[in-house]
Colleague: 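Here it is, the structure in full.
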Amino acid sequence: MSQYDDAIYGYWKKDFVLVYWDQRGAGRTFGKNAPETVTEDYWIENPLTVEQMTADGIALSEYLVKHLGKQKITLVGTSWGSILGAKMALSRPDLFSAYVGHSQIVNEEAGFLHAFNTVSKLAQSAKDQESLDKLESLGPPPYGEARKSGQLMRIIKKYERENATPAPASWWKLTSAYDNEKDAQDRYNGDDYSFLYFAGHKAMGIKSMGAGVNFMQDGLHYKVPVYFIQGEEDILTPKELTKAYFDKVKAPKKEFILVPGAAHGHNQAVIDAQYKAVKKALKVL
């Protein structure tokens with residue numbers, strides 16, 4: 001989100017200090033650590049893991065608490081970031097005043113299979129033969145190939161767009177500091193690298209980071225307030241799974257916020273719901 005900050009979250013700055021994290025393998029962090037020419041050998045020799053990236057996030061949080069002179073910070077995670085956010089909040093609650101999870105991933109494999117079944121039914125109802133043919137050729141997940149995961153996600157996004165209110169096009173305009181060839185190349189390469197490890201790719205011996213995630217088994221007890229923001233039209237991380245998880249979660253305070261007209265990604269209603277949740281958590285309404 002770093003390159004879009006003023007367009008999307010800019011109005012938060014009147015109340016909060018915002019910190020965007022270009023994670024290991026993403027954006028400028030990728031650019032500062034990767035060689036000039038990125039090869040498959042680099043991908044294989046530099047694995048990404050949930051454990052390592054959770055530790056990165058905790059190290060960053062420890063730095064921020066000290067740097068900003070605060071006792072705690074508030075943590076917001078979206079989609080993949082909700083895996084790291086939940087892991088961080090569960091393992092180091094002393095660092096955080098609250099955790100706000102949007103498009104919360106609960107069980108990555110179960111969620112992806114649920115999404116496959118959902119779009120299969122939608123494509124049948126719509127007589128969308130192109131999508132039906134592609135779904136039949138893919139078969140149900142899990143896959144051992146990142147390309148197949150990407151193809152399923154394109155169909156999921158297609159059907160999410162049909163029922164969701166889109167974000168303004170102006171949100172995706174790059175700020176001038178990021179509007180250059182190097183940053184663009186780093187984003188492109190980092191996206192490939194990160195998605196390969198998220199989805200997994202058996203032919204290269206790369207295991208999916210998402211495959212081992214199941215918060216129903218090891219993520220039910222939080223020591224900080226938790227807020228789950230869920231798009232009602234979200235297919236990729238569906239409300240049925242997120243609400244079932246929320247119902248089992250134990251926390252000092254918890255709230256489930258269902259956002260009509262929102263799918264998996266961001267729109268204005270999602271950003272407003274995040275803002276309200278953070279203000280509520282910090283009692284600055």
Side-chain angles (χ1 to χ4, degrees), residues 1-4 20-57 59-60 77-88 103-116 119 134-135 137-158 160 172 178 181-215 234-237 264-266:
M1 306 298 288
S2 303
Q3 62 268 28
Y4 308 127
Y20 299 92
W21 175 24
D22 279 13
Q23 299 159 19
R24 184 185 296 259
R28 287 185 172 177
T29 302
F30 176 86
K32 287 183 177 180
N33 291 281
E36 188 170 338
T37 302
V38 178
T39 63
E40 289 188 4
D41 286 341
Y42 176 80
W43 289 343
I44 294 168
E45 292 164 8
N46 293 272
L48 297 173
T49 68
V50 172
E51 294 75 19
Q52 179 187 56
M53 295 177 75
T54 300
D56 289 347
L60 172 61
T78 290
S79 190
W80 156 252
S82 76
I83 293 178
L84 297 186
K87 291 276 188 184
M88 290 161 63
S103 295
Q104 179 68 47
I105 294 176
V106 177
N107 178 332
E108 194 272 339
E109 288 187 315
F112 215 36
L113 180 58
H114 188 286
F116 175 88
V119 292
K134 176 56 69 178
L135 291 165
S137 71
L138 290 173
Y143 308 121
E145 189 177 339
R147 180 180 59 85
K148 289 186 176 182
S149 296
Q151 289 173 333
L152 175 55
M153 288 181 74
R154 279 194 286 274
I155 298 173
I156 292 168
K157 288 179 180 179
K158 171 185 174 180
E160 285 189 337
W172 315 120
Y178 283 84
E181 187 175 343
K182 175 165 173 41
D183 277 314
Q185 192 63 48
D186 290 340
R187 281 195 302 275
Y188 180 84
N189 287 334
D191 282 351
D192 278 354
Y193 174 49
S194 298
F195 186 73
L196 198 66
Y197 272 95
F198 179 74
H201 199 71
K202 192 173 182 180
M204 295 171 64
I206 294 175
K207 294 182 179 179
S208 163
M209 290 192 291
V213 173
N214 185 356
F215 288 115
D234 189 337
I235 296 172
L236 190 59
T237 53
H264 185 74
H266 293 76

Colleague: Is there a side-chain contact (heavy atoms from CB on, under 4.5 Å) between Val213 and Trp80? Walk through the geometry before answering.
Modeller: CA-CA 11 Å; Val213 173; Trp80 156 252; 6.0 Å; no
Colleague: Could you check whether any side-chain N or O of Glu160 sits under 3.5 Å from a backbone N or O of Ile235, counting only pairs where one atom can act as donor and the other as acceptor?
Modeller: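 Between the backbone of Ile235 and the side chain of Glu160 there is a qualifying donor-acceptor contact (under 3.5 Å).
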Colleague: Pro47 and Ile44: which non-hydrogen atoms are nearest, and at how many Å?
Modeller: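 Smallest interatomic distance, heavy atoms only, reads CD-O, 3.9 Å.
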Colleague: Work out which heavy atom in Ser194 is nearest to a heavy atom in Ala26; give both atom names and the distance.
Modeller: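 Shortest heavy-atom separation between Ser194 and Ala26 comes out as OG-N, 4.4 Å.
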Colleague: Under a 3.5 Å distance rule, please check whether His201 uses its side chain to pair with a backbone N or O of Ala146 as donor and acceptor.
Modeller: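 Here the side-chain-to-backbone pair exists.
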Colleague: Donor-acceptor pairs under 3.5 Å, side chain of residues 30-37 to any protein atom, not counting sequence neighbours: which ones?
Modeller:
unit_1: Asn33; atom_1: ND2; unit_2: Thr29; atom_2: O; d: 2.7

Colleague: Does the side chain of Gln3 come within less than 4.5 Å of Tyr20's, by heavy atoms?
Modeller: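 SC-SC contact between Tyr20 and Gln3 ruled out.
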Colleague: Any side-chain heavy atom of Gln151 within less than 4.5 Å of one from Tyr143?
Modeller: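 Not in contact.
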Colleague: Rounded to the nearest 0.5 Å, how far apart are CG of Leu60 and CH2 of Trp21?
Modeller: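 So the gap between those two atoms works out to 6.5 Å.
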Colleague: Give me the ring orientation class for Tyr193 and Tyr197: parallel if the planes are under 30° apart, tilted from 30 to 60°, perpendicular past 60°.
Modeller: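 Rings of Tyr193 and Tyr197: perpendicular, over 60°.
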Colleague: With a sphere of 6.0 Å drawn around NZ of Lys158, does it hold more than 12 non-hydrogen atoms of other residues, nucleotides or ligands?
Modeller: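 Yes, because the 6.0 Å sphere around NZ of Lys158 holds more than 12 heavy atoms from other groups.
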Colleague: How close do Phe215 and Ile105 get, counting heavy atoms only, and between which atoms?
Modeller: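 Shortest heavy-atom contact: CD1-O, 3.3 Å.
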Colleague: Can you pull the salt bridge (Lys or Arg N to Asp or Glu O under 4.0 Å) pairs that have at least one residue in residues 186-199, sequence neighbours excluded?
Modeller: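 Listed by first then second residue: Lys182-Asp186.
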Colleague: Taking atom CD of Glu40 as the centre, does the number of heavy atoms from other residues, nucleotides or ligands within less than 6.0 Å exceed 12?
Modeller: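 It does not: Glu40 CD has 12 such atoms or fewer within range.
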Colleague: Kindly say whether Ser103 contributes a backbone atom to a donor-acceptor pair with the side chain of Ser79 at under 3.5 angstrom?
Modeller: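 No, because the side chain of Ser79 does not come within donor-acceptor range (under 3.5 Å) of the backbone of Ser103.
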Colleague: So, using salt bridge (Lys or Arg N to Asp or Glu O under 4.0 Å) as the criterion, who are the partners of Lys202 when residues are at least two apart?
Modeller: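 Scan of Lys202 (salt bridge (Lys or Arg N to Asp or Glu O under 4.0 Å), adjacent residues dropped) gives none.
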Colleague: Which pair of non-hydrogen atoms, one from Ile83 and one from Phe198, has the smallest distance, and what is that distance?
Modeller: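 Residues Ile83 and Phe198, closest heavy atoms: CD1-CE1, 4.2 Å.
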Colleague: Just how far is it from atom CG of Leu138 to atom CZ of Arg147, taken to the nearest 0.5 Å?
Modeller: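 The CZ atom of Arg147 is 8.0 Å from CG of Leu138, to the nearest 0.5 Å.
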Colleague: Kindly give the heavy-atom pair with the smallest separation between Phe195 and Gly150, and that separation in Å.
Modeller: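 In this case the closest contact between Phe195 and Gly150 is CZ-N, 3.8 Å.
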Colleague: Taking only residues at least two apart or on different chains, which pairs with a member in residues 46-57 satisfy salt bridge (Lys or Arg N to Asp or Glu O under 4.0 Å)?
Modeller: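 Those involving residues 46-57 are Arg24-Asp56.
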Colleague: What pairs with Arg154 under side-chain hydrogen bond (donor to acceptor under 3.5 Å, both in side chains), at least two apart in sequence or on another chain?
Modeller: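 Counting only residues at least two positions away or on another chain, Arg154 forms no side-chain hydrogen bond (donor to acceptor under 3.5 Å, both in side chains).
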Colleague: Tell me whether the count of non-hydrogen atoms from other residues, nucleotides or ligands lying under 6.0 Å of OH in Tyr188 goes above 12.
Modeller: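 At most 12 heavy atoms, drawn from other residues, nucleotides or ligands, come within 6.0 Å of this atom.
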Colleague: What pairs with Ser2 under side-chain hydrogen bond (donor to acceptor under 3.5 Å, both in side chains), at least two apart in sequence or on another chain?
Modeller: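 For Ser2, the residues satisfying side-chain hydrogen bond (donor to acceptor under 3.5 Å, both in side chains) (neighbours in sequence not counted) are Asp22.
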Colleague: If the test is side-chain hydrogen bond (donor to acceptor under 3.5 Å, both in side chains), which one of His114, Gln104, His264 qualifies with Thr237?
Modeller: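 The residue from His114, Gln104, His264 that satisfies side-chain hydrogen bond (donor to acceptor under 3.5 Å, both in side chains) with Thr237 turns out to be His264.
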Colleague: Answer yes or no: is there a donor N or O on one side and an acceptor on the other, between the side chain of Thr54 and the main chain of Leu84, under 3.5 Å?
Modeller: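 No, the answer is negative, given that no donor and acceptor are paired below the 3.5 Å cut-off.
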Colleague: Step by step, work out the side-chain contact (heavy atoms from CB on, under 4.5 Å) result for Gln23 and Leu48.
Modeller: CA-CA 11 Å; Gln23 299 159 19; Leu48 297 173; over 6 Å; no
Colleague: How many angstroms lie between CD1 in Ile206 and CD in Glu145, if you round to the nearest 0.5 Å?
Modeller: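 Here the rounded value is 12.0 Å.
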Colleague: Rounded to the nearest 0.5 Å, how far apart are CE of Met88 and CE of Met53?
Modeller: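 Reported to 0.5 Å precision, the distance equals 11.0 Å.
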Colleague: If you define the side chain from C-beta out and look only at heavy atoms, does anything of Thr78 sit under 4.5 Å from His266?
Modeller: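 Yes - at least one pair of side-chain heavy atoms lies under 4.5 Å apart.
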Colleague: Looking at every non-hydrogen atom in both residues, tell me the closest pair between Val38 and Tyr42 and how far apart they are.
Modeller: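 Scanning both residues completely, I find the closest heavy atoms to be CG1-CD2, 4.0 Å.
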